[in-house]
Amino acid sequence: MCTDCGCTTATHPVFLKPHSHTPLLRLTLPPPAPEVRRISVEASIFEKNQRKAVQNRTWFAEQKLLVWNVMSSPGAGKTTLLCRVLPDLANEHPLAVIVGDQETSIDAERLQKAGLQSIQINTHAACHLDASRIAEAVHSLPIDQLDLLVIENVGNLVCPAVFDLGETKKIALLSTAEGEEKPLKYPVLFHDADLVVITKSDLIPHLDYAVDVVIQNVRSQNPTAPIVFCSVRTGEGLETLIEHLQSFLAIPENSLVFGDPRTAAVPAR
Amino acid sequence: MHELSLALDLVEQVIEVLRREQADRAVVVEVWIGDACGVDSEAFAFAFTEATAGTALDGAQLRVLTGPDHRFVLTSIEVPSVPD
């Protein structure tokens with residue numbers, strides 16, 4: 001009689017003799033894990049790009065160069081808008097544009113035709129520009145003569161939002177043709193934007209488009225960034241947009257923001 | 001779409017830690033993928049398998065923690081306490 005298998009209360013003769021306590025059905029347990037040592041690291045995986053972005057940001061500040069990162073999905077009208085508004089700013093503030101696309105130099109050529117100094121980066125397989133690409137590209141520009149560098153990112157609402165380039169301001173474009181829900185579906189880009197431009201506003205009467213809904217959706221991600229509706233085709237809203245851009249150019253140097261929330265480590269749990 | 005390049009960055013980062021800690025390989029890699037950091041956990045797990053193949057992280061288990069923030073962090077790794 002024993003306490004191992006409940007045979008203390010059993011009366012069957014088998015339990016009265018010495019017997020095995022091996023269960024008939026053994027639960028199969030994984031082999032014991034090898035002894036391991038846990039090493040706490042707590043370092044951002046964005047660090048490699050981030051380190052370069054911080055270098056860029058520091059260098060841009062030293063050069064007194066403002067840098068805007070313009071992002072949207074493909075076809076929202078980044079190049080068209082830049083061709084229209086940047087020449088107005090270029091009169092007072094020498095500027096250049098770096099434009100990223102997977103292939104072709106179509107956009108750089110369009111910007112050049114608009115009288116803008118521009119260079120093309122082809123990312124080939126990559127879906128975004130990263131800080132190293134920008135660091136390489138700026139060296140072919142006369143940075144010491146420029147006030148402003150505009151980076152037209154690869155058309156993509158997902159990846160460019162994640163890669164800090166060292167920019168001073170992030171500008172998000174969203175065309176009316178894309179509907180009202182993109183800020184909810186691709187929140188990171190809209191959350192981080194310093195200015196949200198709703199392009200192709202001339203299409204609003206032709207679309208089933210709710211202006212109040214898109215504003216509400218942007219606001220749910222970003223309570224403070226100015227939202228400007230405009231159309232290059234009709235000129236509507238462009239004056240307001242240029243005013244906002246000019247206010248970005250008036251940023252005092254000492255207010256350049258260093259660092260990025262993504263570099264912060266997870267607090268110890 | 002950018003998960004593979006980030007997975008490659010992670011491999012580099014872990015190998016640096018292994019070197020510093022004089023460890024041969026990692027058996028567990030624990031990451032924090034904040035839900036607003038723009039990295040998809042599933043795509044990252046797939047990219048991790050690809051990126052670690054043939055490295056000191058080959059076969060390591062990827063443990064993913066998450067929370068409502070922007071962070072994408074290598075939180076810790078586990079290495080055999082007795083070198084192989």
Side-chain angles (χ1 to χ4, degrees), chain A residues 30 33-52 71 102 123-133 153-164 183-192 220-222 259-269, chain B residues 1-40 43-44 47-48 51 60-84:
Chain A
E35 288 292 303
V36 293
R37 177 162 64 99
R38 185 173 183 276
I39 302 166
S40 177
V41 186
E42 306 290 346
S44 173
I45 303 163
F46 291 127
E47 190 182 88
K48 192 178 163 197
N49 183 68
Q50 196 56 43
R51 221 179 297 163
K52 198 75 202 172
M71 294 172 280
Q102 268 201 309
T123 56
H124 306 296
C127 48
H128 58 274
L129 292 172
D130 63 28
S132 306
R133 290 266 196 178
N153 217 314
V154 178
N156 179 337
L157 287 175
V158 184
C159 315
V162 179
F163 290 83
D164 187 5
L184 304 179
K185 294 176 178 169
Y186 303 94
V188 180
L189 195 149
F190 294 94
H191 176 275
D192 293 349
S220 72
Q221 303 304 322
N222 188 326
D260 183 286
R262 286 171 294 212
T263 53
V266 179
R269 279 161 292 116
Chain B
M1 280 185 264
H2 48 265
E3 279 77 5
L4 184 58
S5 69
L6 290 168
L8 292 166
D9 288 352
L10 172 69
V11 168
E12 244 178 71
Q13 222 168 346
V14 171
I15 287 173
E16 217 171 284
V17 176
L18 291 174
R19 197 175 302 136
R20 199 170 61 222
E21 297 284 335
Q22 296 180 319
D24 301 331
R25 62 189 181 97
V27 290
V28 174
V29 176
E30 189 185 79
V31 295
W32 175 281
I33 305 183
D35 57 16
C37 79
V39 178
D40 180 78
F44 189 74
F48 179 82
Q61 183 203 340
L62 177 70
R63 200 180 289 153
V64 177
L65 309 173
T66 189
D69 63 25
H70 263 77
R71 290 173 304 197
F72 180 43
V73 173
L74 168 61
T75 51
S76 70
I77 64 171
E78 286 173 20
V79 302
S81 47
V82 183
D84 303 314

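Using non-hydrogen atoms only and a strict 4.5 Å limit, the part of residues 9-19 of chain B facing chain A consists of B/Asp9, B/Leu10, B/Glu12, B/Gln13, B/Val17.
The backbone N or O of B/Asp35 sits nowhere less than 3.5 Å from a side-chain atom of B/Asp69 that would complete a donor-acceptor pair.
Remark: the A/Asp192 side chain and the B/His70 side chain contain an N/O donor-acceptor pair separated by less than 3.5 Å.
Side-chain contact between A/His128 and A/Thr123 is absent, with no heavy atoms from C-beta onward closer than 4.5 Å.
Summarising the geometry, atom CD1 belonging to A/Ile39 is positioned 8.5 Å from atom CZ belonging to B/Arg20; distances are rounded to the nearest 0.5 Å. Atoms CG and CZ, from A/Asn222 and A/Phe190 in turn, are 10.0 Å apart once rounded to the nearest 0.5 Å.
With a 4.5 Å cut-off on non-hydrogen atoms, B/Val31 touches chain A through its side chain but not through its backbone.
The salt bridge (charged side-chain N to carboxylate O under 4.0 Å, His left out) check on B/Arg63 picks up B/Glu30, B/Glu78, with sequence neighbours excluded.
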